[in-house]
Amino acid sequence: MTDIPRKRRPEDRPPLDRSALAREAATLARFVLVGLANTAIGYGLILGWLRAGLGDYAANLAGFAMGLPISYALHRHLTFRARHRASTAEALRYGAAFLVSYAANLGVIALGRAAGFERSALVQGLAICTYAGVLFVLTRITVFRAQPARSLRES
């Protein structure tokens, strides 16, 4: 006789780890605060370069290029509180996460321009928000992975 898999019931699920959720929420809050500070500077530069006559892509690239090393350092220390030594591999993973996030950002700009919104502060703002969301997910998963909680003996 073969075993027929039974339907999962709520009591079959592992218990919810509320402390892990709280830690992740705190990390997300720090990411948002650090990102707001970094974005305020970059967004101001983007808008300034737009007013100075740079096109959408050039102004956007200049803002992000100047913010990349600052973003890495702030997120490494303040957001994710990395305790280990920085490595080339980690910086390259952050760079890759940045490139993917930046591509999503440019996709929003391209969509905005295709819809007739050239040199739009709103489109630039939406692009930055898209970039931030993608960057958080990628850095959390690939660059600064969540560390399992330590027992009191390991601390």
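Quick caveat, the model's predicted, so the values are computed rather than measured.
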Q: Quick one: salt bridge (charged side-chain N to carboxylate O under 4.0 Å, His left out) pairs with a partner in residues 91-110, sequence neighbours left out?
A: none
Q: Are F98 and V32 connected in the hydrophobic side-chain network, where two residues link if heavy atoms are under 4.5 Å apart?
A: yes
Q: Any side chain to side chain donor-acceptor pair (under 3.5 Å) involving residues 118-130? Give me the pairs, sequence neighbours left out, ordered by first then second residue.
A: N60-Q124
Q: Taking a hydrophobic cluster as the set of Ile, Leu, Val, Met, Phe, Trp and Tyr residues connected by side-chain heavy atoms closer than 4.5 Å, whether directly or through intermediates, do V134 and I109 fall within one such cluster?
A: no
Q: Are L106 and L47 linked, directly or through other ILVMFWY residues, by side chains that come within less than 4.5 angstrom of each other?
A: yes
Q: Side-chain contact, heavy-atom cut-off 4.5 Å: T27 with F80?
A: yes
Q: Under the side chain to side chain contact (heavy atoms under 4.5 Å, CB included) rule, collect the residues that match up with V137, sequence neighbours excluded.
A: I141
Q: In chain order, what residues pass the side chain to side chain contact (heavy atoms under 4.5 Å, CB included) check against A91, with sequence neighbours excluded?
A: Y72
Q: Holding to side chain to side chain contact (heavy atoms under 4.5 Å, CB included), I want the full list of residues that pass it with A73, two or more places apart in sequence or in another chain.
A: none
Q: By the salt bridge (charged side-chain N to carboxylate O under 4.0 Å, His left out) test, which pairs, at least two apart or in different chains, include something from residues 78-88?
A: none
Q: Residues two or more places apart in sequence or in another chain: which of them pass side chain to side chain contact (heavy atoms under 4.5 Å, CB included) with A37?
A: none
Q: List for me each residue that meets side-chain hydrogen bond (donor to acceptor under 3.5 Å, both in side chains) alongside Y94, sequence neighbours excluded, and say none if there are none.
A: S71
Q: If you look only at pairs with a residue in residues 20-47, which of them pass as a ring-ring contact (aromatic ring centres under 6.0 Å, His included), with sequence neighbours excluded?
A: F31-H75, F31-F136
Q: When Ile, Leu, Val, Met, Phe, Trp and Tyr are grouped by side-chain heavy atoms lying under 4.5 Å apart, directly or through other members, which residues fall in the same group as L74?
A: V34, I70, L78
Q: With sequence neighbours excluded, give me every salt bridge (charged side-chain N to carboxylate O under 4.0 Å, His left out) pair touching residues 38-58.
A: D56-R113
Q: Any pair with a residue in residues 123-135 that passes salt bridge (charged side-chain N to carboxylate O under 4.0 Å, His left out), sequence neighbours left out, goes on the list, sorted by first then second residue, please.
A: none
